[in-house]
Amino acid sequence: MASEQAEHQSSTASQGVLSELMLRQETTLLAVIVAVGIVATLRNPAFLNPANLTDIARAAVIYFVMGCGASLLMIGGGLDFSVGAVFTLGGIICAWLLVWGAPWPLAVLAGVAAGAAVGYVNSVIIERLHVPPIIATLGTFFIVGGLCVQFTGGEDIVPLPETFQALGQGAVLGVPYIVLYAIALGLLFWFLLEQTPFGVETRALGGNRKAAIANGLKVNRLDTILYVTAGATAGLAGVIYAARVGSGQVAAGGPSVTLSVVTAVLIGGISLLGGLGTITGVAVGALLLSAIDNALIVASVPPQYNSIIIGAILICAVAVDHMRRERLYKRRR
Amino acid sequence: MAIAQPDIPAPALEMRGVGKSFGNVKALSNVDITAGVAEIHAIVGDNGAGKSTTLKIMCGIFRPDQGQLRLGGKSVEIRDASAAHHLGISVVHQDLALVECLDIATNMALGAIPRRGRFRLDRRRMETEAAKVLDDLKIRVGSVRTQIGLLSGGERQIVAIARAVRMDLPIMLLDEPTAALGVRETAHVGEILGELRQQGKAVICISHDMDFVFRNSDSITVMRLGRSVATRRTKDTSRDEIIGLITGAIQGDTASSDPTFA
Ligand SMILES: Nc1ncnc2c1ncn2[C@@H]1O[C@H](COP(=O)(O)OP(=O)(O)OP(=O)(O)O)[C@@H](O)[C@H]1O
Ligand SMILES: [Mg+2]
């Protein structure tokens, strides 16, 4: 029915169709979140407890912070599988410096910088050695993961100073600090993507790399910036996680974190083919993922259902994304 | 060879003895092209004759293996597309080089996006500039916020041409700008090129459309099998001669003087 309506739109209304579709992805996801919430509440009213809702938001923060850099990179046509290991690295580097007595701003910065450095290495491997992104970052995923274990001897890094833990565990008016960090970061990335020439060039790069080159964009420099950014936000998420749990954990990240971030970003409407996507979509995707995680636990559904449901949602979301493109670009040819 | 005379301005763009190979494929050898200021210079030839490759060398997408490129009489090396832009060259590519998921205004601004302050994108200026250029060229494609992906092939072609015109640079290269256009739009593009000539720009245009070439160009270079085989003033030649040169029925000038040919 909706498709029939769209057929009748004249070309001048195409902008309306577009924003409508863009909106629809996010509204659909919000509807799914609400549905998940209703089902979970029916099985266990504790789902709606403020403490539980805060838990959902806290878990979403980690996906979202990592998702900010990862989605920008994907909009620019790249892909980063190393984020799950970089997440661990960021937390460990930060915790290690704190234990050695470094002031927390320095430790935080070092955790983020370590992530950025891995991002830079990724971009060098991809650009200079011409290794496809999926393979290059899978390789650094394993290498960084191994280095983390080597560096810590497999032991978590404790105890972290109270002042640092307070940054990850405190709240104002019931809103956890880390949710505020995520909102600030989200605003920054929204600004970068929607309000700067850099954002436009990133979309152009992901939308049509050849056209970007032909129009004189510095595509290699853009690639580098995007991989560094993806690494930096993964490192930052690791730092935030370390503050939240009060230790630098060797087992914090791993393949499941990489896959969750990529999944959240894809569900949020970022296209693997580049060019399309919004930061609000990533936020909703992250929220959906953590809401499902939480709802299934609260409703005491066996964990395997979690995987099954997320897999199904991922496939649906990407199928919808493909349909969007088809409708947008093929209709008038 | 040619000695620059004070009263004759140096050609806007010259190619001398340019060769280019892709692995084992020799795409170009010994290509000579001279395009004058305030002139429309057509390049014609069969499919695969090397026209697009020649154009891509002119705008820095490929680097020549041999030969040289001169702008205003000075030998230059063009490293990439943004270097070409700085040297005063704008391009309309055969595949148009548009980004489907971005709108008309953004596509027209790519490579030179207007800013407000240091970091911010000036979307309003981007849109008014695009609308003004389209308006000046009497092009109607609806709102400048329309996504390129929604436009027809002909509309895209027109937007790609408008983008190059917006750059307002002294040299403009076009690769088959009328391939997707109807009769009226083709004539319109002819008018646009005529206006550029009047503004003193050098226009180099690849085309398969003989009507278009004979109606609008000042001179024609024929390419065949990766070589430039002849250059004629449009008013001194005929369709039969040009078609003969394209097919090889008529011997070109440079083919015989080419050492590798003997
Ligand atoms: N990037 C490339 N890699 C390998 N070979 C190429 C490349 N670009 C062009 N060629 C080859 O160079 C030759 C000339 O191609 P070119 O695109 O310049 O022809 P053209 O005259 O523009 O043809 P058309 O009229 O079909 O556009 C062809 O044989 C083509 O296969
Ligand atoms: Mg061609």
Side-chain angles (χ1 to χ4, degrees), chain A residues 6 9-19 21-22 75-77 188 191-222 269-271 273-278 321 324-333, chain B residues 56 59-61 78-86 89-123 126 141-153 155-156 160 163-164 167 175 180:
Chain A
Q9 303 272 3
S10 69
S11 66
T12 47
S14 49
Q15 187 65 23
V17 174
L18 175 68
S19 45
L21 284 169
M22 284 291 201
I75 289 172
L188 173 69
F191 180 80
L192 283 176
L193 187 58
E194 308 295 344
Q195 297 288 320
T196 67
F198 165 72
V200 169
E201 292 182 353
T202 298
R203 283 194 198 277
L205 178 68
N208 185 346
R209 190 178 177 89
K210 266 192 169 163
I213 294 171
N215 283 297
L217 303 194
K218 307 269 184 225
V219 292
N220 288 337
R221 205 185 62 178
L222 272 176
I270 305 290
S271 170
L273 299 173
L276 291 182
T278 62
D321 173 69
R324 274 196 300 175
R325 275 183 190 254
E326 286 280 290
R327 289 206 71 68
L328 275 179
Y329 301 149
K330 302 288 151 61
R331 184 148 45 107
R332 294 202 56 211
R333 272 202 196 143
Chain B
K56 285 178 182 163
C59 65
I61 290 184
I78 305 179
R79 284 191 332 278
D80 57 21
S82 84
H85 185 255
H86 287 298
I89 301 172
S90 61
V91 198
V92 179
H93 289 282
Q94 188 167 18
D95 57 10
L96 303 178
L98 298 168
V99 183
E100 294 193 324
C101 65
L102 296 176
D103 64 15
I104 292 176
T106 312
N107 266 280
M108 286 179 62
L110 270 187
I113 297 173
R115 285 161 199 263
R116 199 157 27 129
R118 230 173 106 61
F119 297 110
R120 292 194 74 175
L121 158 74
D122 193 341
R123 190 172 293 277
M126 199 165 85
V141 282
S143 160
V144 291
R145 292 189 186 168
T146 310
Q147 296 224 335
I148 293 294
L150 290 167
L151 299 181
S152 72
E155 289 169 325
R156 290 176 196 213
R163 172 170 68 189
M167 301 289 176
D175 196 344

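A note on names: the letters A, B, ... follow the listed sequences, proteins ahead of strands, and every chain is numbered from 1.
The part of A:Leu217 that comes within reach of chain B is its side chain, from C-beta onward, which places non-hydrogen atoms under 4.5 angstrom from that chain. Of the atoms belonging to B:Leu98, it is backbone heavy atoms, and not side-chain ones, that fall under 4.5 Å from chain A.
Shortest non-hydrogen contact noted between B:Ser82 and A:Gly216 is CB-O, 3.3 Å. Closest non-hydrogen pair, A:Gly275 versus B:Cys101, comes out as CA-SG, 3.7 Å. Nearest heavy-atom pair across B:Ile113 and A:Glu201 is CD1-CG, 4.0 Å.
Comparing B:His85, B:Lys56, B:His93, B:Arg163 by how many heavy-atom pairs each has under 4.5 Å with chain A, the most go to B:Arg163. In terms of heavy-atom pairs under 4.5 Å with chain B, the best-connected choice from A:Pro197, A:Ala211, A:Ala214, A:Ala212 is A:Pro197.
Taking the side chain as every heavy atom from C-beta outward, B:Arg120 and A:Phe191 approach each other to under 4.5 Å. No side-chain heavy atom of B:Val99 sits less than 4.5 Å from a side-chain heavy atom of A:Arg203. Side-chain atoms of A:Asn215 and B:Asn107, non-hydrogen and from C-beta on, never get closer than 4.5 Å to each other.
The number of heavy-atom neighbours closer than 6.0 Å to CZ of A:Arg221, taken from other residues, nucleotides and ligands shown, is 12 or below.
Atoms CG and CD1, from A:Asn208 and B:Ile148 in turn, are 11.0 Å apart once rounded to the nearest 0.5 Å.
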